[in-house]
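Have a look at the structure below before the remarks.
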Amino acid sequence: MTDTTTDLPTGTDAAVREYVRALLHARLADEQARQERIRAFEKAGHRIIGGGQTSGGSDDVQTWEITDWRTGDLIVNGTGGYTAYDEATQRLDPDGKWLHIDSFDEDGEDEEGGTEVEPVGIPDSLADALQDWLGMSSTPDEDIAEFVGWSVEEVSRHREEACPPAPKARGRGWS
């Protein structure tokens, strides 16, 4: 029979907490680098857009929209699926200066990729679970702050991602 009453070695506890802190630091650094890339493209004359397909519709009507990522303003919306979306993009951005915000994601899909944090002193499966826990929007900053010994404000700053502003009132109709 295994003795389950023995306390964990303090080194393991410290390793887990340090790993979560390192993940938080990496997340902040990745977001700051992402913001720098966005600003550089904007400075070079690019417009960062958001949006895309908004419904597949049970009635076979496929809707979409294109928004200004920085302001949340609706640029255009319509029906007709990917083809109509692509046509609107070509019509409104003939010089190819629009870049979709998804192209700046730090999840490893772009050439920059996210910062890898090596788990030291903990199993890889536990490291994966901690990454998931940290990335879940349902995980309160308060829980993380208590676990790592930081203020809630500091945890919030490290977990924050630059998100587009809430969409403004739709000024244009379907195009």
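As the structure is a computational prediction, the values presented were derived from the model and not from experiment.
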*For the pair I144 and L24, evaluate side-chain contact (heavy atoms from CB on, under 4.5 Å) and give the outcome as yes or no after the intermediate values.*
CA-CA 10 Å; I144 298 167; L24 288 165; 4.0 Å; yes
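- The shortest distance between side-chain heavy atoms of E142 and V155 does not fall below 4.5 Å.
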*Determine, step by step, whether R21 and V117 satisfy the side-chain contact (heavy atoms from CB on, under 4.5 Å) criterion, reporting the C-alpha distance in whole Å, the side-chain angles of both residues, the deciding distance to 0.1 Å, and the verdict.*
CA-CA 10 Å; R21 288 184 195 111; V117 177; over 6 Å; no
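- In this structure, D68 and I49 have side chains that are not in contact, with every pair of non-hydrogen atoms separated by 4.5 Å or more.
- Here the side chains of L130 and Y19 are in contact, with some heavy-atom distance below 4.5 Å.
- With contacts defined as side-chain heavy-atom distances shorter than 4.5 Å, the pair I66/N77 does not qualify.
- Annotation: the span from R47 atom CZ to K97 atom NZ amounts to 13.5 Å, rounded to 0.5 Å.
- Note that CG of L23 and NE2 of H25 are 10.5 Å apart. Values are rounded to the nearest 0.5 Å.
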*asked:* Between D13 and R17, does the salt bridge (Lys or Arg N to Asp or Glu O under 4.0 Å) criterion hold? Intermediate values first, please.
replied: CA-CA 6 Å; D13 183 55; R17 291 174 198 279; 3.1 Å; yes
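- Aromatic ring pairs are classed by plane angle as parallel below 30°, tilted from 30° to 60° and perpendicular above 60°; the pair H158 and W150 is tilted.
- Here the side chains of Y82 and E87 are not in contact, with every heavy-atom distance at 4.5 Å or above.
- No single ILVMFWY cluster, assembled from side-chain heavy atoms under 4.5 Å apart, contains both V148 and L28.
- Of all heavy-atom pairs between G52 and Y85, the closest is CA-CE1, 3.8 Å.
- A salt bridge does not link R27 with E160: every distance from a Lys NZ or Arg NE/NH1/NH2 to an Asp or Glu carboxylate oxygen is 4.0 Å or more.
- Taken from CZ in F104 to CD1 in I38, the straight-line distance is 5.5 Å, to the nearest 0.5 Å.
- For the pair G80 and W64, the tightest heavy-atom approach, listed with the atom from each and the gap, is N-NE1, 4.2 Å.
- Remark: E42 does not engage R39 in a salt bridge, criterion side-chain N to carboxylate O under 4.0 Å.
- Distance check: L126 CG to Q131 CD gives 10.0 Å after rounding to the nearest 0.5 Å.
- Contact check for I48 versus R70: no side-chain heavy atoms found under the 4.5 Å cut-off.
- With contacts defined as side-chain heavy-atom distances shorter than 4.5 Å, the pair T67/I75 does not qualify.
- Taking 4.5 Å as the limit, some side-chain heavy atom of T63 sits within range of a side-chain heavy atom of V61.
- Counting only N and O atoms by type, the side chains of E36 and Q32 include no donor and acceptor under 3.5 Å apart.
- Connection of F147 to I122 is established within a shared hydrophobic cluster, with ILVMFWY side chains joined at heavy-atom distances below 4.5 Å, either directly or through further cluster members.
- Heavy-atom minimum distance, W133 versus R159: O-NH2, 4.5 Å.
- Between P119 and A127, the shortest heavy-atom distance links the atoms CB-CB, 3.6 Å.
- Within the 3.5 Å criterion, the main-chain N or O of L99 finds no donor-acceptor partner in the side chain of S103.
- Atom-to-atom distance recorded for E154:CD and R157:CZ is 4.5 Å, nearest 0.5 angstrom.
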